[in-house]
Visitor: 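Mind looking over this structure? Questions follow.
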Amino acid sequence: MAHPFSFGTLCAQPSADPRTTRPHQLPIYATSSFAFEGLPEGMQVFSGDQPGYLYSRFGNPTIDAVAAKIAALESLNLAGKATAYLLSSGMAAISTLCLALLKPGEKILIPNNLYGGTNELFAKILTPMGYQAVIGNLREEAALRRQLQADPSIKMVYFETPANPTLSCIDLQMAADAARQAGAYAVVDNTFATPYLQQPFLYGAHFVVHSTTKYLNGHGNSTSGAIVGLDEALMKEKVFPALKLIGTNCSPWDAWLLENGMKTLELRMERHCSNAMQIARWLEGQPEVAKVHYPGLESHEDHQLAKKQMCAFGGVVSFELKGGAAAGQRFVSGLQLCSLAPTMGDVDTLVMHPASMSHLRVPPEQRRAAGITDGMIRLSIGIESPQDLIADLKNGLGRVAKGRRI
Ligand SMILES: *Cc1c(COP(=O)(O)O)cnc(C)c1O
């Protein structure tokens, strides 16, 4: 069943208020519970015989309307419909999904370059609880199939594409097929790409998770996450009870901020992508830069794969400075417009020097194994005028060059 509207229209239209059609924009239902006309209605709703709201941890019109929009965006070009839930953060989405789907003793297969928080969740929380995460090679079909075949206790294959910090990609179709055939769930963190650039369900993923804190909100003013699934029964019978009983639900305020942000998702993503492409090409020509990582560049090792499964290449660009950690520190100290902040996906440009910020306490050899060199800089390119961004990056590179001469 095709949706009657296209991506940008779906983003821009107010999410339907399930209770009334009068407010033009979706209201914030700042209420923890919902009143009943009388006992008969209360009994009907509690028993599930009649749809209705009870208590905001179980469901809330603001939250449900925004979740429905994300489900529609992720399944836009699909025959079937997706179901989505909003959660309090991306981490809440990932942890809730794992606890909902897996039993202790079952394993999660992951690549070695997941988002830092996800890695820590698997290593410090889930593995001690009996849900062991094992690192595998998700870039090579034969290796992946061999590992899945050798260990039938692997019940989930979990990955990001593109992934931090080198923007390396995983073949969605290949990894989802291998997981499916081994009887494991294929779960994709689609935070970097958003459903505008990439729809993992088209390639056979079972579940998509998001840190909606990033591009979907886009304005850096709320924290939330989403779980999206194609199997409605599994979502209702396994994922929803976990969310409700662990209490990882989103708040109506954060859902409302997300709603506002998503209205411009298409416009923002187009600008993020065109700015990032221009900056990546410019960086490639700078003498202080040893290497640029951006899947839109022909020089990126996964350019062909990214072209196959994404419609553009996203807003994150990382690059390596020739002078190592000292050059990285000099570069960020020379910037005036770009902010040093450990997030991404905002409308303004954000910079990170992983070796002195997010990965400061990670031993250097472990950092290097994940592709993070000491001179690496990660840019989350905003929607500013590209000439201003390039001028500011020149400020940073100027500081690097001056440092080298001293
Ligand atoms: C930020 C992020 C997360 C975690 O999301 P929070 O909203 O911070 O909990 C998970 N995955 C990726 C790829 C992220 O960038």
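No hydrogens, no waters, no symmetry mates; every other heavy atom, side chains included, goes into these values. Note that ligands are numbered from 1 as they come in the structure, with each ligand's atoms numbered from 1 the same way.
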Visitor: Among E74, E160, Q199, find the one that has a side-chain hydrogen bond (donor to acceptor under 3.5 Å, both in side chains) with N190.
Guide: E74
Visitor: Which distance, rounded to the nearest 0.5 Å, do you find between the CD1 of I381 and the CG of N275?
Guide: 7.0 Å
Visitor: Return the option from T343, D189, V209 holding the heavy atom at the smallest distance from atom 12 (C) of ligand 1.
Guide: D189
Visitor: Around atom 2 (C) of ligand 1, find the nearest protein heavy atom and jot down its residue, atom name and distance.
Guide: K214 NZ, 2.5 Å
Visitor: Below 3.5 angstrom, do we get any N/O pair linking T213 and ligand 1?
Guide: yes
Visitor: Check whether any N or O atom of I94, backbone or side chain, sits under 3.5 Å from an N or O atom of ligand 1, and answer yes or no.
Guide: no
Visitor: Does any N or O atom in F192 lie less than 3.5 angstrom from one in ligand 1, N or O only?
Guide: no
Visitor: Cut-off 3.5 Å, side chains only: do T166 and N113 have a donor facing an acceptor?
Guide: no
Visitor: Establish, from distance only, whether the side-chain atoms of Y294 and E284 form a donor-acceptor pair under 3.5 Å.
Guide: no
Visitor: Test the K214-Y115 pair against the cation-pi criterion, namely NZ or CZ under 6.0 angstrom from the six-membered ring centroid and within 45° of the ring axis.
Guide: yes
Visitor: Looking at Q44, I'd like to know if its CD atom is crowded, meaning that more than 12 non-hydrogen atoms belonging to other residues, nucleotides or ligands lie closer than 6.0 Å.
Guide: yes
Visitor: Around atom 3 (C) of ligand 1, find the nearest protein heavy atom and jot down its residue, atom name and distance.
Guide: Y115 CE2, 3.3 Å
Visitor: Pairs of nitrogen or oxygen atoms closer than 3.5 Å, one from T118 and one from ligand 1: do any exist?
Guide: no
